[in-house]
Protein chains: 2
Amino acid sequence: MKVSKEQMAENRERILDAAAARFRERGFDGIGVADLMKDAGLTHGGFYGHFASKEDLMAQAAARALANAGAGWQALADAAPDEALGRIVRSYLSAAHRDHPERGCAIAALGAEAARQGPAVRAAVTAGVRANVELLAGLMPGRGAARRRERAWAAYAALVGGIVLARAVDDAALSQEILDAVAQATAGAD
Amino acid sequence: MKVSKEQMAENRERILDAAAARFRERGFDGIGVADLMKDAGLTHGGFYGHFASKEDLMAQAAARALANAGAGWQALADAAPDEALGRIVRSYLSAAHRDHPERGCAIAALGAEAARQGPAVRAAVTAGVRANVELLAGLMPGRGAARRRERAWAAYAALVGGIVLARAVDDAALSQEILDAVAQATAGAD
DNA sequence: ATTATCTATAGATCTATAGATAATGC
DNA sequence: ATTATCTATAGATCTATAGATAATGC
């Protein structure tokens with residue numbers, strides 16, 4: 001059942017997309033290679049022709065998810081240059097994002113687990129975070145690049161923590177209160 | 001090898017403390033019941049005389065870790081009523097906290113995983129978070145309880161996200177930059 | 001006699017690999 | 001002929017339980 005080189009490249013993309021979604025949804029340990037391959041429409045054994053190991057896949061999936069987040073932020077900024085920060089904050093701290101980790105921020109979904117992984121995952125996360133904070137810094141108000149970068153870290157942290165808290169609690173009203181409060185403080189006054 | 005009721009209660013405490021530490025260090029899935037029991041100086045099979053299931057232990061360990069955090073914040077507030085918030089922020093966003101998740105904030109270490117757990121864990125986390133944000137709200141500046149509570153959520157989120165980001169990156173200087181930036185924005189101006 | 005703990009194991013995972021199969025691409 | 005994928009399995013986990021053991025506490 002060999003496939004063309006083109007089809008193989010497409011299969012690889014499907015594995016990566018499935019992994020980026022399932023890892024964010026269930027955690028790195030929450031989904032096995034066999035189920036990921038089934039998700040991509042392939043069988044277990046074929047996996048090791050595409051990736052060296054599960055950790056290799058974890059690193060590449062994390063890089064992809066973080067790059068997608070950056071692209072989404074850039075698109076929001078391009079669509080509304082004057083109110084980019086507010087739009088990013090409202091989109092990040094939305095009920096939709098809270099309820100769909102599989103399409104959302106990889107740091108909020110996997111940050112704590114990523115800190116416990118090997119060098120490849122750590123390096124991918126570091127590069128993704130660095131790129132995203134630089135993007136945010138460019139959208140921040142304030143005079144001086146250092147001040148804007150400091151504010152970008154504060155905003156990034158508030159967003160990540162806000163979604164983690166809003167997902168962790170089991171009370172819908174409390175969860176919404178968290179999203180609203182963090183959004184107000186992050187995009188509001190400051 | 002039966003032990004006294006007193007000894008049994010002490011054994012149960014040791015299992016809970018070991019679990020609260022190892023879960024924060026390695027994640028809920030990162031440590032098994034057998035290794036936890038070994039950590040507490042007991043054998044695998046005895047576990048189910050103390051707890052109904054691993055999930056039962058996860059819920060109780062999360063509750064304990066969150067209560068410990070609240071007690072630590074309260075102690076800092078009692079020691080320095082005038083600058084309570086600043087001390088809590090600096091202590092939370094310290095290199096020591098970043099480097100020792102096993103003794104640190106359960107939301108930063110386990111929040112994303114907790115969101116994927118069953119009702120018992122979710123309920124324990126919700127109760128702990130609620131108690132801690134109320135404690136923080138009491139220390140916030142601002143006129144009006146609602147405004148103080150909003151600021152408490154924003155601070156809690158920034159702290160959690162700040163530690164998650166600082167732990168996730170593999171560059172020591174970048175990690176310190178994150179801690180400093182979030183601390184400045186959270187305890188500084190506002 | 002009761003019961004907290006221990007040893008041993010069932011049954012269900014998981015990652016990774018070996019060897020077979022069958023379609024691509026020289 | 002090469003190689004992407006498939007089937008099958010090795011070896012190492014993990015949670016939970018059954019039955020044996022031995023010390024407490026009536």
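Small disclaimer: the values here were computed from a predicted structure and weren't measured. Chain identifiers are assigned alphabetically (A, B, ...) following the order of the sequence lines, protein sequences preceding nucleic acid strands; residue numbering begins at 1 within each chain.
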Report summary line: Taking Watson-Crick and G-U wobble contacts under 3.5 angstrom, with | marking pairs to another strand and [ ] crossing pairs, the secondary structure of DNA chain C is written ||||||||||||||||||||||||..

Sequence neighbours left out, what pairs pass side chain to side chain donor-acceptor pair (under 3.5 Å) with at least one residue falling in [range]?
{"range": "residues 63-73 of chain B", "answer": "B:Glu13-B:Arg64, B:Asp17-B:Arg64"}
{"range": "residues 158-170 of chain A", "answer": "A:Asp170-B:Thr126"}
{"range": "residues 44-57 of chain A", "answer": "A:Asp56-A:Gln60"}
{"range": "residues 24-37 of chain B", "answer": "B:Arg22-B:Glu25"}

With the criterion being N/O to N/O and under 3.5 Å, what pairs connect the protein with nucleotides 24-26 of chain C, and how long is each?
unit_1 : atom_1 : unit_2 : atom_2 : d
C:dT24 : O2     : A:Lys2 : NZ     : 3.2
C:dG25 : OP1    : A:Lys5 : N      : 3.3

Donor-acceptor contacts under 3.5 Å from residues 102-111 of chain B side chains, at least two apart:
unit_1   : atom_1 : unit_2   : atom_2 : d
B:Glu102 : OE2    : B:His100 : ND1    : 3.0

Tabulate protein N/O versus nucleotide N/O from nucleotides 10-13 of chain C, keeping only pairs under 3.5 Å, one per line.
none

Query raised in the report: Heavy-atom contacts under 4.0 Å between residues 111-122 of chain B and DNA chain D, which residues?
Result: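 Hits under 4.0 Å, by residue number: none.
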
Query raised in the report: Where along residues 46-60 of chain A does a heavy atom fall under 4.0 Å from DNA chain D?
Result: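 When residues 46-60 of chain A is checked for heavy atoms under 4.0 Å from DNA chain D, the hits, listed by number, are A:Gly46, A:His50.
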
**Report entry** Sequence-distant partners of A:Arg116, side chain to side chain donor-acceptor pair (under 3.5 Å), two or more places apart
**Finding:**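 A:Arg116 satisfies side chain to side chain donor-acceptor pair (under 3.5 Å) with B:Glu113 only.
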
Query raised in the report: For the side chain of A:Arg148 and the backbone of A:Arg143, is there at least one donor-acceptor N/O pair under 3.5 Å apart?
Result: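 No: the side chain of A:Arg148 does not pair with the backbone of A:Arg143.
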
Please table the atom pairs, donor to acceptor, closer than 3.5 Å between any side-chain atom in residues 156-164 of chain A and protein atoms at least two apart or in another chain.
unit_1   : atom_1 : unit_2   : atom_2 : d
A:Tyr156 : OH     : A:Asn132 : ND2    : 3.4

Query raised in the report: Looking across every strand, which nucleic acid part, if any, lies under 4.0 Å from A:Asn11 by heavy atom: base, sugar-phosphate, or nothing?
Result: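 Result for A:Asn11 = sugar-phosphate.
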
